[in-house]
Amino acid sequence: METYAAMRTTFAARDFTDDPVPDEVLHRILDNARFAPSGGNRQGWHVIVVRDEAKRAALGPLIEPTYRRYLAEAKAGANPWNTIEPARIDQATIDATPIPPGLIERLTHAPLLLLVTVDLSVVAAMDQNLSRIAVIPGASIYPFVWNILLAARNEGLGGTLTTFVVAMEPEVKALFGIPERHAVAAMLPIGKPVKQLTRLRRNTVQAFATVDAFDGEPYRA
Ligand SMILES: Cc1cc2nc3c(=O)[nH]c(=O)nc-3n(C[C@H](O)[C@H](O)[C@H](O)COP(=O)(O)O)c2cc1C
């Protein structure tokens with residue numbers, strides 16, 4: 001499919017038909033996604049294709065507490081899981097926040113479920129000495145993750161980049177035998193979307209691009 005069309009329509013698909021994703025399609029997706037960039041071209045990614053029913057089921061309870069906190073903080077008007085302005089919601093409120101029924105299962109039991117990890121021992125983190133959370137290490141894995149979703153779109157599939165399983169990383173690593181030096185970067189449920197969105201809500205270029213300074217004139221063509 002045309003590149004710009006794919007970029008503009010690769011949405012977060014969370015509802016899938018029962019159609020399976022054939023292995024040759026997944027292989028084609030990964031075989032194209034692997035051309036993603038990474039710092040120093042170290043390509044520290046690893047993909048686990050999750051087929052085992054028990055392991056899929058075990059992911060649900062690992063997602064729940066994180067998702068509950070996300071929903072509770074969003075409901076309170078905060079930016080969930082933010083480090084700059086942390087929402088201060090008490091645990092009882094979080095525990096009482098309902099999760100939309102079936103949503104987690106739809107993700108963990110998508111036709112195709114991928115876990116993506118990254119080998120931190122090959123990742124350059126040039127912001128490691130700054131007094132803020134690190135951003136740069138993610139740049140060595142998320143272009144690859146996004147390539148998977150763009151390739152899936154090109155195959156008529158959809159999926160979502162999810163990170164909520166990562167808050168329980170030690171448990172996830174134990175479940176899948178992930179080595180110590182690897183970080184869990186994403187869980188990707190993928191399948192044929194029940195509905196393909198074509199108009200995504202995104203800010204205009206003028207809203208985020210400026211000339212010569214952060215508060216400079218809005219950039220215009
Ligand atoms: C870094 C990152 C983390 C995300 N984590 C989750 C997640 O844990 N669970 C989830 O359901 N969606 C997650 N998403 C999907 C976003 O909610 C989604 O991309 C965004 O709302 C835009 O959706 P749209 O493309 O359908 O408009 C994540 C997306 C990104 C880029």
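Atoms within each ligand, like the ligands themselves, are counted from 1 in listed order. Scope of the values below: all heavy atoms of this structure, side chains included, with no hydrogens, waters or symmetry mates.
Residue Leu200 has no N or O atom closer than 3.5 Å to an N or O atom of ligand 1. For ligand 1, the polar-atom distance check against Arg202 finds a nitrogen or oxygen pair separated by under 3.5 Å. In terms of N/O distances under 3.5 Å, ligand 1 is approached by Leu161. At a 3.5 angstrom cut-off on N or O pairs, Thr163 counts as close to ligand 1. Considering backbone and side-chain N/O atoms, Ala12 comes within less than 3.5 Å of an N/O atom of ligand 1.
The protein reaches atom 28 (C) of ligand 1 closely, with a heavy atom under 4.0 angstrom from it. In this structure, atom 17 (O) of ligand 1 has a protein heavy-atom contact shorter than 4.0 Å.
Against a heavy-atom cut-off of under 4.0 Å, Thr162 is close to the following atoms of ligand 1: 5 (N), 6 (C), 7 (C), 8 (O), 9 (N), 10 (C). Within ligand 1, counting atoms from 1 as listed, the ones closer than 4.0 Å to a heavy atom of Thr160 are 12 (N), 15 (C). Contact atoms of ligand 1 toward Phe11: 25 (O), 26 (O) (distance under 4.0 Å to a heavy atom of the residue).
For atom 10 (C) of ligand 1, the nearest protein heavy atom (residue, atom name, distance) is Arg14 NH2, 3.6 Å. Closest to atom 9 (N) of ligand 1 among all protein heavy atoms lies Phe164 CE2, 3.3 Å.
Salt bridge status for Asp15 with Arg106: present, with a side-chain N to carboxylate O gap under 4.0 Å. Look at Asp23 and Arg51 and you find a salt bridge, because one of the NZ, NE, NH1 or NH2 atoms lies within 4.0 Å of a carboxylate O, short of that distance. Using a 4.0 Å cut-off between a side-chain N of Lys or Arg and a carboxylate O of Asp or Glu, Asp95 and Arg68 do not qualify as a salt bridge. Using a cut-off of 4.0 Å between Lys/Arg side-chain N and Asp/Glu carboxylate O, Glu73 and Arg69 are scored as salt-bridged.
In this structure, CG on Leu113 lies 8.5 Å from CG on Leu107, to the nearest 0.5 angstrom. The structure places CG of Leu115 at 6.0 Å from CG of Leu59, a figure rounded to the nearest 0.5 Å. The CZ atom of Phe16 lies 7.5 Å from the CD1 atom of Ile190; values are rounded to the nearest 0.5 Å.
When heavy-atom distances to ligand 1 are checked against a 4.0 Å cut-off, Leu197 has no atom that comes that close, whether in backbone or side chain.
When each of His182, Arg181, His46, Glu169 is checked for a side-chain hydrogen bond (donor to acceptor under 3.5 Å, both in side chains) with Thr117, only His182 meets the rule.
Ligand 1 is never approached by Met187 to a heavy-atom distance shorter than 4.0 Å.
The closest side-chain donor-acceptor pair between Ser140 and Arg42, if any, does not fall under 3.5 angstrom.
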